[in-house]
Amino acid sequence: MNQNYWLMKVEPEAYSLETWKKEKVTYWDGVRNFMARNFMRDTMKKGDQMFFYYSNSHPSGIVAQGQIVREGYPDFTAFDPQNIHFDPQSDSQNPKWYMVDVQYVKECRPIISLKNLKECKDLKNMMLFRMPRLSVQPVGEKEWKIIQQLGHWINE
DNA sequence: GCCAACGTTGGC
DNA sequence: GCCAACGTTGGC
């Protein structure tokens, strides 16, 4: 089976690493971008690995690693008018947005900051730099391995 | 189907 | 908090 790698962004105020570590598995709701949605709906497979990336943070960067444990299914937060991610164009008969479930694997401490990533010349082709606003994006196997080396990973 | 206006993301 | 980049919307 072909193993894929991903980077998924979250703002720490929206969903923190501490919460993820406690819950172990979370659904990745609220993605409202077509390219990111298509990756989750069509390409992500159970067993794929992902970096958990803090955006809009001080600093921004990779703080943990996880894996996909459930493949794309409708993002039900879009159906709920009370929810901040509500989208009237999406309903359960014809869902517009999708999500996956991700399980916590291990933490990276200290953070691998965006600056660290940019300074690593072997990573200069990362999609992160070319498409800085894409919140769910693939990571190449080579890049994945380099980042594994770059970080200090902690299993708790 | 083009493209200007608008809204959002996210680094700084 | 500013603002550049860029995805999306909507008028035509």
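Reminder, nothing fancy here: chain letters follow the sequence lines and each chain counts from 1. For the numbers below, each heavy atom of this structure counts, side chains included, while hydrogens, waters and symmetry mates do not.
OP1 or OP2 of B/dG11 lies within a sub-4.0 Å distance of a side-chain N or O belonging to A/Y53. Using a 4.0 Å cut-off, some side-chain N or O of A/S60 falls inside it from OP1 or OP2 of B/dG11. Taking only side-chain nitrogens and oxygens, A/K9 comes nearer than 4.0 Å to OP1 or OP2 of B/dG10.
Heavy atoms of A/M35 sit nowhere under 4.0 angstrom from any nucleic acid atom. Here A/F129 lies out of heavy-atom contact (under 4.0 Å) with every strand. Within 4.0 Å of A/K115, counting heavy atoms only, lies no atom of the nucleic acid at all.
For A/F34, the listed nucleotide lying nearest its side chain is C/dT8; candidates were B/dG11, C/dA5, C/dT8.
Separating the CG atom of A/N33 from the C1' atom of B/dT9 is a distance of 10 Å, rounded to the nearest angstrom. Rounded to whole Å, atom P of B/dG7 lies 13 Å from atom CZ of A/R133. When rounded to the nearest whole Å, the span between CG of A/L134 and P of C/dC6 equals 12 Å. Atom-to-atom, CG of A/L7 to C1' of B/dG10 comes out at 13 Å; the value is rounded to the nearest Å. Atom CE of A/M127 is separated from atom C1' of C/dG7 by 15 Å (rounded to the nearest Å). We find that CE of A/M131 is positioned 19 Å from P of B/dT8, with the value rounded to whole Å. When the P atom of C/dT9 is taken as reference, atom CG of A/D87 falls 9 Å away, rounded to whole Å. One interatomic measurement links the two molecules: CG of A/L128 to P of C/dC6, which rounds to 13 Å at whole-angstrom precision.
A donor-acceptor contact shorter than 3.5 Å links the side chain of A/S60 to the backbone of A/N56. In this structure, A/R130 contributes its side chain and A/N125 its backbone to a donor-acceptor pair below 3.5 Å.
Comparing A/R130 and A/N56, the nucleotide of DNA chain C nearest to each residue sits closer to the 5' end for A/N56. Summary of the strand contacts: A/H58 and A/K96 both lie near DNA chain C, and taking for each the nucleotide with the nearest heavy atom, the more 5' one is attributed to A/H58.
When each of A/R32, A/R37, A/K96 is tested with A/D75 by the rule salt bridge (Lys or Arg N to Asp or Glu O under 4.0 Å), just one qualifies, namely A/R32. Put simply, the residue from A/F39, A/F51, A/Y53 that forms a ring-ring contact (aromatic ring centres under 6.0 Å, His included) with A/W6 is A/F39.
Contact check for A/P74 versus A/Y98: side-chain heavy atoms found under the 4.5 Å cut-off. Using a 4.5 Å cut-off on side-chain heavy atoms (C-beta onward), A/N83 and A/F76 make no contact.
With the end axes of the helix from B/dG1-C/dC12 to B/dC12-C/dG1 each set by five pairs, the angle from one to the other reads 10° at 10° resolution.
Salt bridge absent: A/K22 and A/E18 never bring a charged side-chain N and a carboxylate O closer than 4.0 Å.
Separation of the A/W97 and A/F34 ring centroids falls under the 6.0 Å cut-off.
Side chain A/R32 to base B/dT8: no donor-acceptor pair is found below 3.5 Å.
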